[in-house]
Number of protein chains: 2
Amino acid sequence: MVLSKACTYGILASLYVARESSRSKDYVSIGKMSKELNISFHFLTKILQQLTSAGILVSMKGPKGGVALKRDPKEISLVDVVVAIDGMGLFTDCLLGLPGCGEEKPCPVHGEWDGIRANLFHTFRGKNLEETAKSIDELNLRFALPAGAEVDREDSG
Amino acid sequence: MVLSKACTYGILASLYVARESSRSKDYVSIGKMSKELNISFHFLTKILQQLTSAGILVSMKGPKGGVALKRDPKEISLVDVVVAIDGMGLFTDCLLGLPGCGEEKPCPVHGEWDGIRANLFHTFRGKNLEETAKSIDELNLRFALPAGAEVDREDSG
DNA sequence: TTATTTAGAGACTATTTTATCTTATTTTTG
DNA sequence: CAAAAATAAGATAAAATAGTCTCTAAATAA
């Protein structure tokens, strides 16, 4: 798995917030977001807290509270979100997990992986939340987990 | 983490076996390999069993026993080893973990990730154990964990 | 054929990641 | 100021991954 689940949820949530923000300046409700993305509310809350402490989101308690992007969504890249949650490891670490692997004393796949991860970095560094969120509606993209991936506890009875 | 630790150990072990095989036709001792690669013996044993049941290695018990490559090391690619341990997921799954993501209904990063993972696949599909193992000695590459990464229990006393 | 050496197999433990549950704390609304 | 609505925080649990330990089975060598 390239990204942790927490990280993928963080990306989906960031795109959700960017998308909502283009329609209204209100804070985005975490409860509503968790239902629409089918992500566990409490788990999502923690991930959003990481994004908040990383300076990507701001939050507000109370009625009409929620989260919002702290900066211009055009200035926030997917790499920013990945780094906030999973750290820089994906873009810096040896594929084989060998500490100290680098140009001086590389591992058997260093050259190959170095190229691929640079490509990964630049590709996702170039995708900002504004454009990416806009493409969701324009191209009718998938960006939520399937319903039922998380169990709904407020059942009839 | 792109590859599981089990998978990275499996790659290092496969390269170790390929390297030893180029010098002698004897079975490669798992105990010796675990010491030289600094990988926990029992854990390594399990990983090697996966490679054996995947048809990449053969094993032999008893004195002079150990493991050996089942096929010509030129015919075994790093992708074969990755797939034997981590499965095909890395080369097929959606980066955001969205089930059903594909050309018909893609996720917001489908196109980008599709290109990168194809590159990843073809790059490592093109690296076979023979050439890769040979490069270890020719270029003096790093391919073992640092000593002490695993604790040695046969201490003085 | 018996002892030794080595891999195989399964139970067990530890750690990390993912997810849930409960209790604050803050903000708005009446 | 009190009630309600929402996020924050921390404890707890479940699941996946990583690692260890013990015993079994097979092969060699004396």
Side-chain angles (χ1 to χ4, degrees), chain A residues 1-10 12-13 17 26-35 37-54 57-68 70 85-87 89 96-97 145 148-154, chain B residues 1-10 12-13 17 20 26-35 37-54 56-68 70 85-87 89-90 96-97 145 148-155:
Chain A
M1 196 175 287
V2 178
L3 303 175
S4 68
K5 279 192 149 199
C7 188
T8 66
Y9 294 171
L12 297 174
V17 174
D26 291 350
Y27 285 99
V28 175
S29 156
I30 301 178
K32 181 161 174 276
M33 175 163 37
S34 97
K35 285 197 184 76
L37 295 178
N38 292 303
I39 297 173
S40 153
F41 171 77
H42 293 285
F43 192 39
L44 179 58
T45 290
K46 297 206 166 157
I47 295 161
L48 295 175
Q49 283 169 25
Q50 288 185 261
L51 295 178
T52 299
S53 63
L57 299 177
V58 289
S59 72
M60 178 59 69
K61 291 179 178 178
K64 310 246 76 184
V67 294
K70 184 171 188 181
I85 296 171
D86 279 353
L96 301 180
L145 294 182
E150 160 252 17
V151 183
D152 190 347
R153 284 289 151 74
E154 310 180 58
Chain B
M1 195 175 289
V2 178
L3 304 175
S4 68
K5 280 194 151 198
C7 188
T8 66
Y9 294 171
L12 297 174
V17 174
E20 294 294 308
D26 291 351
Y27 284 99
V28 176
S29 156
I30 300 179
K32 181 162 175 275
M33 175 163 37
S34 98
K35 285 196 183 77
L37 294 178
N38 291 302
I39 298 172
S40 153
F41 172 77
H42 292 286
F43 192 38
L44 179 57
T45 291
K46 292 197 175 168
I47 296 162
L48 295 175
Q49 282 168 26
Q50 290 186 261
L51 295 178
T52 299
S53 63
I56 291 174
L57 300 177
V58 289
S59 71
M60 177 60 69
K61 291 179 179 177
K64 309 247 75 185
V67 294
K70 184 171 185 181
I85 296 171
D86 280 353
L90 176 61
L96 301 180
L145 294 182
E150 158 251 19
V151 183
D152 190 346
R153 284 290 151 72
E154 310 180 58
D155 54 0

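In what follows, every chain begins at residue 1, and chains take the letters A, B, ... in the order their sequences are listed.
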Side-chain N or O of [X] versus OP1/OP2 of [N]: is the shortest distance under 4.0 Å?
X	N	result
Q49(A)	dT7(D)	no
Y9(A)	dA19(C)	yes
T45(B)	dA9(C)	no

Spacing between [X] atom [atom1] and [N] atom [atom2], to the nearest angstrom:
X	N	atom1	atom2	answer
I30(B)	dT6(C)	CD1	P	11 Å
Q50(A)	dA9(D)	CD	P	12 Å
D26(A)	dT7(D)	CG	P	13 Å
Y27(A)	dA8(D)	OH	C1'	15 Å
K32(B)	dA7(C)	NZ	C1'	17 Å
I47(A)	dA9(D)	CD1	P	15 Å
L48(A)	dT7(D)	CG	P	9 Å
K5(B)	dT16(C)	NZ	C1'	11 Å

What's the closest nucleotide to the S40(B) side chain, out of dT20(D), dT4(C), dT27(C)? dT20(D)
Nearest to the side chain of S29(A), heavy atoms from C-beta on, is which of dT7(D), dT29(C), dT18(C)? dT7(D)
Nearest-0.5 Å distance, [atom1] of residue [X] to [atom2] of residue [Y]:
X	Y	atom1	atom2	answer
I47(B)	H42(B)	CD1	NE2	13.0 Å
L37(B)	L12(B)	CG	CG	6.0 Å
L48(A)	F43(A)	CG	CZ	11.0 Å
S40(A)	K46(A)	OG	NZ	9.5 Å

Would you mind telling me which residue lines up with the more 5' stretch of DNA chain C, G62(A) or K46(A), judged by nearest nucleotide? K46(A)
Between H42(A) and K61(B), which has a closest nucleotide on DNA chain C that is more 5'? K61(B)
Sole residue of L51(B), I30(B), V67(B), T45(B) in side-chain contact (heavy atoms from CB on, under 4.5 Å) with S59(B): V67(B)
